[in-house]
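Reviewing the structure listed below.
What you see is a predicted model; the values in this text were computed from it and never measured. Each chain gets a letter, A, B and so on, in the order the sequences are listed, and its residues count up from 1.
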Amino acid sequence: MKTVLDTPVRGWRDRIFSAAAFFFVSVFVIFVLMLIITDIFYVDKKAVATVLTSKFIRHALWMSVWTSCVTTLIALLFAVPMGYSLSRFRFPGHILVDAIVDLPIVFPPLVAGLTLLVFFSQTGLGRWIQDDLGLVFVFQPKGIVLCQFVTSASFAIRSAKTAFDDVDRRYENVALTLGCTQFGSFRRVCLPLAKNGIIAGGILTWSRAFGLFGPLMILVGSFRGRTEVLSTTIYLEQSIGNLEVALAIALLLIFVALIAVTCIRLVGGSTLAKL
Amino acid sequence: MIRTEKISFHIGTFELQRLSINIAKGKYFILLGPPGAGKTVFLECLCGLKKINSGRIYIDGSDVTNTEPRARGIGYVPQDYALFPHLSVEQNIAFGLRARGCQRKEMQSKITETGELLDIRQLMSRRIYGLSGGEKQRVSLARVLVLQPKILLLDEPVCALDEVTRQEVCAQLLSIQRRLGLTTIHVSHNLEEAFTVADRAAILKAGILQQVGRLDELVNKPSNDFVARFMRREKHLSCKCDGQGNTEPGQSCENR
């Protein structure tokens with residue numbers, strides 16, 4: 001077994017330690033690969049052809065990709081200033097705010113969808129947003145982005161905060177003495193040094209958003225050619241007995257996710273590969 | 001010149017207590033003291049990274065107590081240099097010039113000039129990771145000197161270096177200071193450094209200034225036991241004088 005780090009001469013205890021660590025990696029990776037391979041062997045060729053030629057499924061794929069990308073961008077737009085604030089500023093109740101930021105991570109996704117539906121249909125503010133402002137989310141593609149944002153933005157915010165925590169404040173202080181304003185030191189020093197952590201948060205957010213299912217069924221439903229995304233298509237196909245097609249779509253989802261995550265890791269550099 | 005007037009700062013249980021220091025223009029001043037004496041905190045107060053609780057700070061006669069760090073005209077070299085790891089040596093040196101909106105041509109000429117002054121032209125394209133301690137020290141000094149500050153603050157600038165390099169760097173620091181006529185405050189706990197570079201010195205202990213003066217004054221007329229011990233006056237005797245020529249050994253205060 002080849003180790004990543006330069007190590008000194010290793011004794012048998014060190015080798016056992018490395019082997020034990022690698023054992024867990026192997027078990028996990030083999031298990032995941034087995035699941036995918038099982039799907040590949042089980043999937044019907046006709047079903048694959050159906051999936052690749054269906055315009056509704058192409059639409060669902062496109063919806064999944066663009067909504068998860070838009071969600072990730074919006075999440076990062078919030079994550080960077082929020083992560084920086086939570087990392088650098090102390091204010092009354094900051095511990096509570098920190099906990100609230102993590103709350104959507106532990107929310108069952110279904111609950112998030114239900115809560116959003118209740119908010120937009122039962123509260124004055126929700127109805128005002130939909131009826132008077134004209135921002136309609138229920139049963140609309142915009143609702144997909146909202147559901148994805150609510151359930152996945154916390155990952156981006158948490159990652160950004162951790163990344164900013166890891167940037168030594170002395171760098172920012174030195175930047176201040178060299179002529180930067182606080183924003184200048186943030187832009188020129190803190191942000192570039194936290195970049196990898198922020199991108200990692202983006203990957204987590206995108207991954208969660210891309211595969212989201214539960215809250216979408218509640219808030220936006222799954223209307224063919226309108227609000228259907230890959231995850232809801234899988235559910236619809238299997239609920240009408242098209243298990244082969246459902247499985248073929250699942251494989252499509254897995255491959256698209258694998259390609260996207262691998263590309264971002266390669267672009268993001270070696271630090272991301274550690275995450 | 002830089003002058004502090006009874007500045008106080010407290011954080012947790014530590015307190016800088018009413019520090020007053022006056023350093024004339026172009027002088028090399030060294031601030032000595034044991035670890036934890038408050039030397040770094042004092043420097044951070046001077047450059048505005050810590051807001052003092054009371055007192056005033058003057059640079060060239062202007063009150064800069066409430067001035068932002070970037071507008072004080074102070075060049076600060078922190079203890080472990082804090083070079084930006086995501087930038088090359090040249091980008092590190094150019095950092096302050098860029099932040100101040102310097103024109104490209106002017107920036108290039110200033111970087112070249114400073115690179116020659118500190119003999120680091122060959123390092124310009126290197127990344128920070130992999131530089132030796134001495135190289136990092138010179139790059140961090142270049143990053144500050146390129147901005148032509150009025151005051152230079154050096155926080156233990158040679159403590160991470162080996163003995164030989166330390167002496168070389170101290171000599172180089174003094175030579176640069178003399179050439180540029182920069183008012184310099186150098187913080188250290190090492191007495192040898194003081195004798196190599198300083199015109200004047202002060203000794204700080206637990207946030208309280210013990211004595212300020214020329215090094216020979218600190219050696220020959222220490223104001224208290226601590227200063228005497230710090231200046232390694234091994235034959236120092238402590239005693240108490242009654243004002244009529246009678247002394248009582250072992251009490252405190254006067255040097256013999």
Part of [X] lying under 4.5 Å from any heavy atom of chain A:
{"X": "Leu87(B)", "value": "neither"}
{"X": "Leu147(B)", "value": "side chain"}
{"X": "Arg98(B)", "value": "both"}

Using the test side-chain contact (heavy atoms from CB on, under 4.5 Å), find all partners of Asp102(A) that sit at least two apart in sequence or belong to another chain. Ile105(A), Arg158(A)

Tell me, side chain or backbone of Thr181(A) under 4.5 Å from chain B's heavy atoms, or both, or neither? both

Hey, what do you get for [atom1] ([X]) to [atom2] ([Y]), rounding to the nearest 0.5 Å?
{"X": "Asp80(B)", "Y": "Asp168(A)", "atom1": "CG", "atom2": "CG", "answer": "7.5 Å"}
{"X": "Cys180(A)", "Y": "Glu68(B)", "atom1": "SG", "atom2": "CD", "answer": "11.5 Å"}
{"X": "His86(B)", "Y": "Asn196(A)", "atom1": "NE2", "atom2": "CG", "answer": "12.0 Å"}

State whether the number of non-hydrogen atoms from other residues, nucleotides or ligands found under 6.0 Å of Arg13(A) atom CZ is greater than 12. no

Indicate the atoms forming the closest heavy-atom contact of Tyr171(A) with Phe84(B), along with that distance. O-CE2, 3.4 Å

Hey, does Tyr76(B) have a side-chain heavy atom less than 4.5 Å from the side chain of Asn173(A)? no

Sub-3.5 Å donor-acceptor pair from the side chain of Arg70(B) to the main-chain atoms of Ala175(A), do we have one? no

